[in-house]
2 protein chains.
Amino acid sequence: MAGGATRAQIVAAADRLFYEQGFEHTSFTAIAEAVGLSRGNFYYHFKSKDEILAAVIGCRVEATRAMLRQWEDEAAGPAERIRRFIRIVETNGADIRDYGCPVGTLTAELAKLRHPSRPEATALFTLFRDWLRAQFTALGRARDADELALHVLAFSQGVAALANAFGDQDFVRREVERQEAWLAALDS
Amino acid sequence: MAGGATRAQIVAAADRLFYEQGFEHTSFTAIAEAVGLSRGNFYYHFKSKDEILAAVIGCRVEATRAMLRQWEDEAAGPAERIRRFIRIVETNGADIRDYGCPVGTLTAELAKLRHPSRPEATALFTLFRDWLRAQFTALGRARDADELALHVLAFSQGVAALANAFGDQDFVRREVERQEAWLAALDS
DNA sequence: CAGTGTCTAGGACGAGCGTCCTAAGATGAT
DNA sequence: ATCATCTTAGGACGCTCGTCCTAGACACTG
């Protein structure tokens, strides 16, 4: 069915534009131009802009789940998996420098807009939080696993915010090294 | 001159609204209602919305400078001054939980909007960065003072982002303790 | 070939936006 | 009291927004 493909194209274009320009600043016209469709036609696929947002968030949830699954398959142990997460601010360095963290900036914007879909955006954070907590638990830190998970999550948010503000890649690299050293020192 | 007072009232109201709702989402009408003036009259005080933003940023720069000066007066040494900064995420806990960091969220929004005033917003970060670097230098860490300053800045941004997302004050308290322990361990 | 359901283009619609103008009120000096 | 200046209210303007309607193109089925 070609409709499903068109819908997926719309979601993909909206996903990128919401990331680069923010949700509110992105208009139907901009998404339509990106996909190459007429503006009015959107109503056939989505009844409102909020519905596109919901689809985008759902798409991101799925992509995040897939990425975490892949990390579990590829990485040897929990420590290596956590390192994968820590390095993500360096792996996606260019995008983060230009547009910040996709999860963090969307969550912050929806909070200011008091948007109904805010909890769904926060759930993206929870996805990482739960996954990290599981890794720290496997690392033998069941007692403070959630606290450590939030700490690593906060690290990534802080680094992303400053990387975006100052555009400094060296800073990102240094902070990743520091955080990896912190992780290595956890064992002892 | 009453005009100066009115102008200051407008800037104060806009400052708060930009913080709570974001710059783009805040309309002239909303600011006018907050101040109790007619919408059209704004053109007498500010030629455009961007001009209000510039005034708001300038106001925040001045307030930040005053706060940093006060910390220098009140706090005993550089370590205590840095602790003041670290604790700010707890001191302003309620606002940060509801609206995030004023500097971080504004910088992120203006980056997405590609707004001309973005450098001025980033300068707010630089204000803290330079001040922290000076404190770390006074602490005898001249060699890596800037790196340490950015690290502390990243801490505050990360904590603010997650505090806003999850609304968890205990998390903030724990992270402040952790960061203070990190600072205390720097001496040795 | 007729008909049916899927998908699309194009534009109308009311609302809200930032901007800008104009006339009138307030204030103070002469 | 008169006048110039500062400050205000109210609304018009053109534009873009999200929303929604309608007519037709297209592909597939009987």
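Chain letters run A, B, ... following the sequence lines, proteins first, then strands; residues in each count from 1.
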Is there a side-chain polar atom (N or O) of B:Thr6 under 4.0 Å from OP1 or OP2 of D:dT8?
yes

In terms of relative ring orientation, are A:Phe125 and B:Phe166 parallel, tilted or perpendicular, with 30° and 60° separating the classes?
tilted

I'd like to check the salt bridge (charged side-chain N to carboxylate O under 4.0 Å, His left out) partners of B:Arg178; sequence neighbours left out, ordered by chain and number.
A:Glu147, B:Glu175

Rounded to the nearest Å, what distance is computed from the CD1 atom of residue A:Ile10 to the C1' atom of nucleotide C:dC7?
11 Å

Should the ring pair B:Trp182 and B:Phe136 be called parallel, tilted or perpendicular, given that the plane angle runs from 0 to 90° and is split at 30 and 60?
perpendicular

Residues in salt bridge (charged side-chain N to carboxylate O under 4.0 Å, His left out) contact with A:Glu80, at least two apart in sequence or another chain:
A:Arg83, A:Arg87

Answer yes or no: does a side-chain N or O of B:Tyr44 lie under 4.0 Å from OP1 or OP2 of D:dT7?
yes

Looking at B:Arg81 and B:Glu74, is there a salt bridge between them, counting it only when a charged N and a carboxylate O are closer than 4.0 Å?
no

Each nucleotide of nucleotides 16-21 of chain C classed B (base within 4.0 Å of a protein heavy atom), S (only sugar-phosphate) or -, in 5' to 3' order, makes -SSBBB

